[in-house]
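Just so we're on the same page: letters track the sequence lines, and every chain starts at 1. No experiment lies behind these values; they were computed from the predicted model shown.
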Amino acid sequence: MWAFHSPQITQSPSPHATHLPRPSPKSPICFVNLNPAAAVTAATSTSNNNELIQSLCKQGNLKQALKLLSHEPQPTQHTYELLILSCTHQNSLLDAQLVHRHLLANGFDQDTFLATKLINMYSFFGSLRDARKVFDKTQKRTIYVYNALFRALTLGGHGEEVLSLYRRMNSLGIPSDRFTFTYVLKACVASDCLISLLKKGKEIHAQILRRGYEAHVHITTTLVDMYARFGCVSYASLVFNEMPVKNVVSWSAMIACYAKNGRPFEALELFGEMMLENQDLCPNSVTMVSVLQACAALAALEQGRLIHGYILRRGLDNILPVISALVTMYARCGKLELGQRVFDQMDKRDVVSWNSLISSYGVHGFGKKAIQIFDEMIRQGVLPSPISFVSVLGACSHAGLVEEGKILFQSMHKKYGIYPSVEHYACMVDLLGRANRLEEAAKIIQDMRLEPGPKVWGSLLGSCRIHCNVELAEWASARLFELEPTNAGNYVLLADIYAEAGMWDGVKRVKKLLGARGLQKVPGRSWIEAKRKIFSFVSVDEFNPQIEQLHALLVKLSTEMKEKGYVPQTKVVLYDLDAEEKERIILGHSEKLAVAFGLINTSHGEPIRITKNLRLCEDCHSFTKFISKFTNKEILVRDVNRFHHFRDGVCSCGDYW
DNA sequence: TTAGGGTTAG
């Protein structure tokens, strides 16, 4: 498209000496002193020079363009625009800074158009301070200049700065445009303090309605996404349902909202609706990633396979995020080998693909294999990301590989220059805590340079539950009740610890606190996929039409297994009840109902696959081990943390979970 | 001149 002109710097027309701008004394740019004879011809050909520079930029020949620039007395706005663009294409910050200094020296310091380009440029290089400097030095700040800085700050995660600047813009009477709204909505979630900014987001939503932008698909889609990120699913769906115009992006945003907020069933339902009711809408790779996430969350293997087929038919199977999501989907549906096969068939892999595989092995309890894959990734020259360490440390934790985990944790900064984040500390606390090294876990928290967040305290409390440590549990829960006052799970964990220690006063106190704050325990729930449908069970499920049949089967199996040595672990019932009543309660656990359903509804040789929303209780674990031997059935249970693969009376977790 | 949805973990 662009004609190639080979730049002949030595023969090129030279500018007249009088037209040559004086470089400022501070400017490092060297203007070539040209002889007067050459300068005469140059006076008329500066437009050609500009064209030549522009052409070189378009060809990606930045170095030659810059050389020629030093001979050009009157670069135009367009020349600078293309130079700036070229610097980002070439990923050269040094050249970008040179162009910036050059345009300042040539009197373009108040050019608002170039100011927006410079802000975008510095945003690209991650130099937000420089972007802000350009903004501050620009006197006439058009909405374009504001929007450019909003975009830069939002991308950089400085949401609060955007919102304070936005307030100032409003007070100066500068009206927002449709672009401003998308940036400031995104700014509300590009920050750490989500609670206060949700209120701000709602205010901006009101402004959008007042300005009559509710029919604008970009803005409303951003609104759906903002509410999704705050976890306000009902608000997101309200906005979505009222959108007069929806496109594939809006549908994808709403599907992602469900998938990301623990509502995978609704995500799949909405995807079905999108396919059925809108035949002119074609789902794309982004849509498919969320749909795969939903299948993974539900362990819906058959659905996942159908989606995989669709992805192949649509030719979306060469897109990296889609393949990574496929690897995860298969692994989380219990088909680790299929996940590995998808990974093996990839032409190219990025760090995310590797992370998918590492965590897949981790969740199945193959810690050593996960470390091997991590090492292989490094050997192949792929640098680990912070998430690689979350994945591999998590794998160590599931497999009880404490020493290996400690070495990896230390290597993060030493070898790879990655500072451990709160997530990594949470992994370490989990790793040590599960291994009953609770004092060491507590020491890690005390020595942390970062503020330990809810994840860290939650890991400690979870470990205290496993090993029944009241003292540390009280320490952790006191912090958790401050940080997450509405997370019912924390209260339940502490109550369980008190109950197991026989401290019934403590149980009463915590339950009272739970009630006073209007919170409820999340009921145990298990899912199973059969005949391409997903069946869900809750504990002591009175509304299930098959409950009597399932219960009768469980009583029969339990009685027979007791003769073979199964002893019901009634201690998991944390109520002051008699043994018989406790036994009745544990037999009604959702996971056992799902196992019974699986025994009735799966064919011979077909494994039973169950998903559970909580950690597997000791009795269900022991019961399922017995069942797998007693009925000669393979049973895969994915609890909230990991997989348990029961076969012939043994579990893959080695009773460590 | 500028804009919306996604990948891996917990």
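The CG atom of A:Leu431 sits 13 Å away from the P atom of B:dG10 (whole-angstrom rounding). Counting to the nearest Å, the P atom of B:dG5 and the CG atom of A:Asn261 are 15 Å from each other. Between the P atom of B:dG4 and the CD1 atom of A:Ile208 lies a distance of 14 Å, rounded to the nearest Å.
Rounding to the nearest 0.5 Å gives a distance of 8.0 Å between OG1 of A:Thr180 and CZ of A:Arg211.
Nucleic acid contact class of A:Ser360 (heavy atoms, under 4.0 Å, all strands): none. Residue contacts for A:Asn147: at a heavy-atom cut-off of 4.0 Å it reaches a base atom on one of the strands shown. Looking at heavy-atom distances under 4.0 Å, A:Val248 makes contact with a base. When heavy atoms are screened at a 4.0 angstrom cut-off, A:Ile319 is found touching base atoms of the nucleic acid. At the heavy-atom level, A:Val217 lies under 4.0 Å from base atoms of the strands shown. When heavy atoms are screened at a 4.0 angstrom cut-off, A:Ala256 is found touching the sugar-phosphate backbone but no base atom. Residue contacts shown for A:Asp430 are absent, as no nucleic acid heavy atom lies under 4.0 Å away. Using a 4.0 Å heavy-atom cutoff across all strands shown, A:Lys246 reaches no nucleic acid atom at all. Residue contacts for A:Asn284: at a heavy-atom cut-off of 4.0 Å it reaches a base atom on one of the strands shown. Contact annotation for A:His216: base contact, defined as any heavy-atom pair under 4.0 Å involving a base atom.
The base of B:dG5 sits within donor-acceptor range of the side chain of A:Ser252, with an N or O pair under 3.5 Å. Below the 3.5 angstrom threshold, one finds no donor paired with an acceptor across the side chain of A:Asn641 and the base of B:dG10.
Listed pair A:Arg151 / B:dG4 fails the phosphate criterion, with no side-chain N or O lying under 4.0 Å from OP1 or OP2. Phosphate proximity of B:dT7 to A:Gln293: present, with a side-chain N or O under 4.0 Å from OP1 or OP2. The side chain of A:Thr116 contributes no N or O atom lying less than 4.0 Å from OP1 or OP2 of B:dT2.
Under the ring pair (Phe, Tyr, Trp, His ring centres under 6.0 Å) test applied with A:Phe389, the options A:Trp354, A:Phe374, A:Tyr425 reduce to a single match, A:Phe374. Under the side-chain hydrogen bond (donor to acceptor under 3.5 Å, both in side chains) test applied with A:Asp430, the options A:Ser397, A:Ser463, A:Ser459 reduce to a single match, A:Ser397.
The side chain of A:Ser285 lies closest to B:dG6 when the candidates are B:dG6, B:dG4, B:dG10. In this structure, of B:dG5, B:dT7, B:dT8, it is B:dT8 that holds the atom nearest to the side chain of A:Asn355. Distance from the side chain of A:Arg332 is smallest to B:dA9 among B:dG5, B:dA3, B:dA9. Closest to the side chain of A:Arg229, out of B:dG4, B:dT8, B:dG6, is B:dG6. The nucleotide whose nearest atom lies closest to any side-chain atom of A:Arg178 is, among B:dG4, B:dA3, B:dT7, B:dA3. Closest approach to the A:Asp225 side chain among B:dT2, B:dA3, B:dG5 is made by B:dG5 (side chain taken as heavy atoms from C-beta onward).
Relative orientation of the A:Phe150 and A:Tyr146 rings is tilted, given thresholds of 30° and 60° on the angle between their planes.
A salt bridge is absent between A:Arg379 and A:Asp375: the closest approach of a Lys/Arg side-chain nitrogen to an acidic carboxylate oxygen does not fall below 4.0 angstrom. Salt bridge annotation for A:Lys406-A:Glu404: absent, with no cationic side-chain nitrogen under 4.0 angstrom from a carboxylate oxygen.
Residue-nucleotide stacking is present for A:His218 and B:dA3, judged by a side-chain ring centre under 5.5 Å from the six-membered base ring centre and planes under 30° apart.
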